[in-house]
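To start, the structure itself, in structure tokens.
Keep in mind that what you see is a predicted model, and the values were worked out from it rather than measured. Here is the naming used below: chain letters follow the sequence lines, and residue numbers restart at 1 for every chain.
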Amino acid sequence: MSKNFGYSWLIGGAQGTGIERGASIFINSVAAAGYYVFGKREYYSNIMGEHSYYYVRFDKKPIRSHVERYNILAAYDAETIFRHSTEALPEAAIIYNSLLKAVRLSEIPTIEKRLRNEISKKFNLEPNKLNLSLILEEAEKNGVKAFPVDYTEILTTVSKKTGESLSELTIMNNIIAVASSLALLKLDFEVLVKAISKTFGNRKRVIELNTLVSELAYNQVNSKGYSNEFNLSLPKLENNSKRYILNGNQAVAIGKLAAGCRFQTYYPITPATDESNFLEAHENIEIKEEISNLINEEKEFLKTEGSIVVMETEDEIAAITMATGAALAGARASTSTSGPGFSLMVEGLGWAGMNEVPVVITLYQRGGPSTGMPTRNEQGDLRFAIHAGHGEFPRIVLAPGDVEEAFYDTIRAFNYAERYQLPVILMLDKFLANSVKTIEKIEANKVKIDRGTILKEDELLKLKQAGKEYKRFEFTENGISPRVFVGTNNAVFWNTGDEHDELGHITEDPIIRDKMMEKRMSKLLTASKEIPMEEKLNYLPATKPEITIVSWGSNKGPILDLIELLKDEGIEVDYIQVRILNPFPANELRGLLEGKRWVDVESNYSAQLAGLIRENTGLKPNYYIVKYNGRPISLDELYIAVKRTITSEAPTRQVLRSGA
Amino acid sequence: MSKNFGYSWLIGGAQGTGIERGASIFINSVAAAGYYVFGKREYYSNIMGEHSYYYVRFDKKPIRSHVERYNILAAYDAETIFRHSTEALPEAAIIYNSLLKAVRLSEIPTIEKRLRNEISKKFNLEPNKLNLSLILEEAEKNGVKAFPVDYTEILTTVSKKTGESLSELTIMNNIIAVASSLALLKLDFEVLVKAISKTFGNRKRVIELNTLVSELAYNQVNSKGYSNEFNLSLPKLENNSKRYILNGNQAVAIGKLAAGCRFQTYYPITPATDESNFLEAHENIEIKEEISNLINEEKEFLKTEGSIVVMETEDEIAAITMATGAALAGARASTSTSGPGFSLMVEGLGWAGMNEVPVVITLYQRGGPSTGMPTRNEQGDLRFAIHAGHGEFPRIVLAPGDVEEAFYDTIRAFNYAERYQLPVILMLDKFLANSVKTIEKIEANKVKIDRGTILKEDELLKLKQAGKEYKRFEFTENGISPRVFVGTNNAVFWNTGDEHDELGHITEDPIIRDKMMEKRMSKLLTASKEIPMEEKLNYLPATKPEITIVSWGSNKGPILDLIELLKDEGIEVDYIQVRILNPFPANELRGLLEGKRWVDVESNYSAQLAGLIRENTGLKPNYYIVKYNGRPISLDELYIAVKRTITSEAPTRQVLRSGA
Amino acid sequence: MELKLKLTDYRTDVHNNWCPGCGDFGILSSIQQALFEMQLNPSKVAIISGIGCSAKTPHYINGYGIHTLHGRAIPYATGLKLANPELEVIVTVGDGDGLGIGAGHFVHAGRRNVDFTVVLYNNEVYGLTKGQAAPTLNIGVKTKSLPKPNINQAINPILLAFAAGYTFIARGYAYEVKHLKELIKQAISHKGSAFVEVIQPCPTYNDIHTKEYWSGKGNIDPKTGKEVPRYYKLEETGYECIITDETTEEEYLNKITNFIKKAYESGNRVPIGVFYRDLRFATYEERLSSRMPTYKISPPAKQEIADKKGNLITNIDKILEEFAI
Amino acid sequence: MELKLKLTDYRTDVHNNWCPGCGDFGILSSIQQALFEMQLNPSKVAIISGIGCSAKTPHYINGYGIHTLHGRAIPYATGLKLANPELEVIVTVGDGDGLGIGAGHFVHAGRRNVDFTVVLYNNEVYGLTKGQAAPTLNIGVKTKSLPKPNINQAINPILLAFAAGYTFIARGYAYEVKHLKELIKQAISHKGSAFVEVIQPCPTYNDIHTKEYWSGKGNIDPKTGKEVPRYYKLEETGYECIITDETTEEEYLNKITNFIKKAYESGNRVPIGVFYRDLRFATYEERLSSRMPTYKISPPAKQEIADKKGNLITNIDKILEEFAI
Ligand SMILES: Cc1ncc(C[n+]2csc(CCOP(=O)(O)OP(=O)(O)O)c2C)c(N)n1
Ligand SMILES: Cc1ncc(C[n+]2csc(CCOP(=O)(O)OP(=O)(O)O)c2C)c(N)n1
Ligand code: SF4
Ligand code: SF4
Ligand SMILES: [Mg+2]
Ligand SMILES: [Mg+2]
């Protein structure tokens, strides 16, 4: 198994003890050595103390998903090992803090009762009898190598050398785990040193300390001969191409900046907040040098570049309505939230739809319903996004499948919003938001900026001089009326959530009502016609597909990896990723699916996409593969499930349940 | 046409001038004369001044819908005639205030520009040239009888007789219009006198004045010989059975009282407020005498009967959450709203779903999206009601089709809510809410009260004594865990919007998550199995149906009337009314529809029910008939549209556009 | 070019469907007159309302008119103003709208001090939904459409605005149009969030605090024996409350104390006029400028984001560098 | 039967996952001790929270524990209490929860005077979402997880509670557990809506107002030369503010003025203790009783609605009569 899947590394510990930072150094290291990486985070809705872990897979070829098992487990607390010991691959390594061998299962309050019982049962010992040594022994019986590292010795040495207090230094357990792992993998120490520097920027003292700790960890691992005992190694690869490591939150945030979004509102919520924090940290915006030079000649003020206003609002109702207000003024505006916040935005969404305001909402799905599992994954909001709001109004819903698409689709979201003058919901999920991946490049100009039809001061003057009134909601062939920004000279207009006439004044006239309703709704038709097939869906045809996988959003990662895996076995499968969920690409999809055997893959309970497909095309999948335990789909479980559909052993509905 | 449709009467005037009151007296009069009535209101979202009208149809047999044309138009302002003159049936009567003949179209600011132009065009005269006389002349050319009534003379006489000032008396224009109409119809004056008494209760002076005014109107109509000129008359029918005249708002309110709802929250919103106002006016509740005697023996305090707490909250978020709080304490609790309010309830709905709280939401649909047309009709919220809320949780959505069903389904809504422990959405629309109908009887005990499984103090004591803990979310076969009211001795439990264990404490354990999710969702399956077919849908089979009509909600009225109409012509059609929209009765419906030619009839743009049917059964209608101009479907337009489907002349999609 | 704008330039020809005698007419005309006297360019004015009778105001004013959602006028206005600070933004809200469903936004706007004006139409009822009690109706009062007397205590809008942090607080009366117009002009001129409560008779549903009531019906001055109005003008009493950076702690507490007393005055002597002015706080726009130096000259709505060919002009390369390996 | 309940009877065995040193521990234990000293039956106690670190409180208390939605604890509590007034209802909310997203409900609860207690955990940050500014954080302050200093003015919870109409207003400090426990007992005993703000250090995100800060770090008494705490107890200064029906208009204004001064005190002398008690208002439950005579003996949750066979027992025939012809 390990060969096909590359290398997997897992670091775990209590929330607040630097798991993510450690993982980031590890990722930077293996990436700098020339490997492609994929990394995913699992954590509790908690600030400190609960178990959190970070999983990293890396390989010589591009990868985009995780497997359930690891080659190395890097731990500095006991809980991590109690939880993950049985996920080890046959010849895996477990790095642990030698001091913890006596810790008993009963001493770990953060392990759920159910899990405690399960572990206790598995080892046939009461929790207060079951200690870490026993766990490790058992693992070793299965071929795992358990490598004790003396964390205290390392930190004591550092404390002596630097004068830092030992208690302040315990935060560096993470880097011991990381460095020990890299030492096991025989990675050039210099690569790690550089990764540390990169991670900590200009915090010199921190870099020094981390480097020192790492050196001692390398020494310990090497001197104890662990690296020899462990049969995997990471030679530095020759590789000159520039690469980036990004997660979905970041890709969307950078996409928003690129798209020209200049007003972002948010109310803090996991897993959406990171996007807004990122924007806040980049609120002062630079313009491309060549352009900024160009513009300077015309407009003096632009010399000073621009900025994005990022507003922390009092709630999500204010977030969507404030963003809508900014959009009316002419700014590309957006907000970002997850389920609970989106639930509060519904009325505002309807108003934007009714008033044809281009506003973009990034909706990061997480485990639902209600507060649900705030830090876990799910794709449970699809139908809700499509139908949110009383009455009927047009909206576009799109769902990128990976980090690259997240970037490009963000720009498209604003284009659609402005071109068709409607709210656009850009759906991601916690998995895509929080998982990092190596990407080769971002082509900033692959997607052009399209602001739709906007009348400016001078055009309005002409209209005025021609004795014509500007009509914000003028009836037109394609449903789209030229837009004017609030504050533009030579015009005024009105908006109202009530049904209105072309000027925007309230009307209850049944005839105008019908026309206005038809005008609004027809924009979806216009969009359907204009948006090219390749933006609506990705189709990865195979010559002789055994089955067609249909899915959406972040499942793309494991599915693409699966396709490669199956190809290695000589099995071909098709893959259709629906990217625009509303207006639904019914004809396109019917064309592709009719007569095929297909399996629907989704991270939710009800197989919502399959429902949409059937509603719109009449077609029904032969198989469903769903998952809703809050953990993303792993490559290995998907492999098994899809293979069963190919061999027709599968029941109609398979529920995936892997993940810790 | 008039023969088939019975009699139609329309009264119109400015909002705030007593249109509804007048109509109510008219309705009470014809009903007292033994006729079945159907009445519907059309009004603007305005307090005073805009045009409002009330349409009444009455017949010897039960009726449930309106037609677009009238036999009598009773007007006391000019606008009513400008707007409605062309809807007259060939030999119809128009009663008008003789003083108004000179009023010109241009003098009426409340007529929309578009309509003004249309009228002006129709009569080929500029608005400032077109006066009421011309309109009436034109009508008379088409066979209509225009009867001038001297309103001023009547009121002056009354003023002289009673000493009331003339300006105070203008409010009685409405009764002049009503009395004149009844005089035209040659209705026994005494019947009217009784109806006046009934309408005004114990307000003696008002009764006197209205009676006097009516008498004078009768005299005028008779002395001028109008009643002879008009060929319709209303002989008093022999009829001993007791009947009621109720609208949807009232039926739901009475249903809630009957169901034992004891906590209602609301934030004012059209067209839902009337329900809460009704409950407020009946907040002190009496218990059936026989029971109250019975109970007195046991429980002294019940002698004092009960009450329903009706809370006007600060917003709809508070409305749903407060009702949920009350439900947790053990009260049957509900809230009532329309689209905008429901949009704000979405997050609260999810919490109730997650915590398995029985709460009932009456959702009165109105013209959407956004503020839309607050006082107009639409069935635009179906999909939203089914999918509202992030993540996936069970809910039951049901939609009664008429006043009787509104009563019974309200009781059922509470039963479902408590039996399956989930939120129930009871959907009506403005048409059903605001239209009155004669009903024969309300059988209070047709639907029994079913509160589901509730553990009381003593049972909990036993559990405790057996050393067992009460588990609010205990895993069970059918997904339903016994409920305990907050405050019950010998227990405690926890609730949380987070995923939780059986006790109700937060958990992120993937295994418990899956089980809890499956437990919750399985309740829909349980409900599907247990709820009998006849509660899920009404099926009106025909021996040799030409086509099957499939619809939901208030369209039932015109459809039933249509079926009778077609039967008179020897044409048979089937009718399926889907009453439970979630969980969707897929199997039942597939069984009924497979292989049939069918037409979907809905009052919305997207034909949402048809979408649901296709999603759930794969079946697609042969024809769609939709309407979304804010006016309910009329019998006559439906007749034409359905007939075209029978003769196969119909396009796939027909949009109905009638209504003023 | 001396194109003086006329009062009619601030009106629309939309049919006004408020009830005859509604106090809203007075407020509307005060706003129109204020705009006219300040000669504001209608294309630079935005009137933003929520939902209710009061919320129809924008349709009657010639200016960008944004009639939004019940309770949400303030956040819409905040977004609009911050995206284009050159706009003159006036928020017109009902008492149910602004202090019922919108109470949260009302409070939070006070914390920001965005440079706009909030006019609260206080008729003590929910007009458009037929006369339910608004949060400003006193406990125990039964207006005609209430089945029973109101059982909620009233919000004091002046006090709440103060607690929330509004830096200009005033009260006007709908039928004192000139006075109200002046208040609105001052509110518009104020740098920061200005709040103007307007006592607004609703002849249709509020039969307690009617025009006649305010004019003094039954309120006999024992000296003159004549009816006197139930309100008086603060400025005529010499009252003033201005807080500046120079105000000492002690002065501050004294001023606040006086303010509180005025805020509490009720019954037959209700003050109208300017209650409070706080000049210590920067506007939100200034606060943003302190973080983003280009904000004022190049606010969100005014920035170019693409070149003429549609190529984006934002320099994201530098940001991507943070993620480069 | 003298089954005295023990302190441990108010605890659960759920693992508490607040950060070490979190002020929430002090509040939790104050509540548990208050319940214990009052010997309340856990089955008659309901603890209702919103969302946040603070909102985990109910899971640690043995009593009905309702952990609701962000900002909505108050309306849930209102429904629960009014449906069954015999419950002792305590609402525990964070400052973001109670005064950020929940500000509207907070204000409206003040208008009702439902007989419950609201405890506000004021740590000046959004703990659970990683340290953003809460509405109680002062302008210009930069706590460690803020990228830039806060640009919103702070809400003063005491003043806002007063403006909203709470009839009992107090402030405690999370590490003064005994004192806080007494405040909570008084709040529970108070008839009407009681509000207790608690200063709650958040060692993880609030590095400004830390435990050390409050204990007096750097706050040297010039006389003694020793560090003195930055808070003091109101009751030790003889301050008291009780309003009754007997309080005259003038007394009232004086008391209020004193109250306002205390409400404004900040910096190195922050008052804790009871700020305000208003005994003039009936509770909401009493107001309901005045309309519905059976409300108290037979509240919504206690009424029978069907006989044993499931036949409804409400007499609707009489109501139907209104519609009979
Ligand atoms: C979310 C929502 N809930 C309820 C309504 C119904 N509604 C329309 S106007 C109104 C109240 C208006 O009262 P107020 O704000 O005082 O304005 P007024 O009519 O008195 O000027 C309400 C509740 C709505 N439009 N939206
Ligand atoms: C509607 C909604 N929006 C956002 C969130 C995310 N959220 C969880 S806790 C929290 C803030 C908590 O801050 P506070 O109320 O001060 O409580 P603390 O954690 O500081 O105790 C937020 C915004 C949510 N759960 N629901
Ligand atoms: S109901 Fe009241 S507030 Fe509304 S328009 Fe009529 S008078 Fe004015
Ligand atoms: S983040 Fe702050 S408030 Fe939350 S548990 Fe940690 S210390 Fe307490
Ligand atoms: Mg009002
Ligand atoms: Mg907080």
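For Arg112(C), the part lying near chain A is the side chain, with the backbone staying farther off; criterion is any non-hydrogen pair under 4.5 Å.
The number of heavy atoms from other shown groups lying within 6.0 Å of NZ (Lys448(A)) is above 12.
At a threshold of 4.5 Å between non-hydrogen side-chain atoms, the residues Thr68(C) and Thr321(A) do not count as touching. Taking the side chain as every heavy atom from C-beta outward, Ile287(A) and Asn315(C) never approach each other to under 4.5 Å. Residues Phe323(C) and Val436(A) form no side-chain contact, since every pair of their non-hydrogen atoms from C-beta on lies 4.5 Å or further apart. For the pair His282(A)/Glu322(C), a side-chain contact is recorded, criterion being any heavy-atom separation below 4.5 Å from C-beta on. Residues Lys44(C) and Asn489(A) have side chains in contact (heavy-atom distance under 4.5 Å, counting atoms from C-beta outward).
The aromatic rings of Tyr76(C) and Trp351(A) sit tilted, their planes meeting at an angle between 30° and 60°.
Of all heavy-atom pairs spanning His59(C) and Asn495(A), the tightest one is CE1-O, 4.2 Å.
Panel note: side chain Trp494(A), backbone Ile66(C); no donor-acceptor pair is recorded below 3.5 Å. The backbone N or O of Leu312(C) sits less than 3.5 Å from a side-chain atom of Asn445(A), completing a donor-acceptor pair.
A donor-acceptor contact under 3.5 angstrom links the side chains of Thr314(C) and Arg262(A), judged on distance only.
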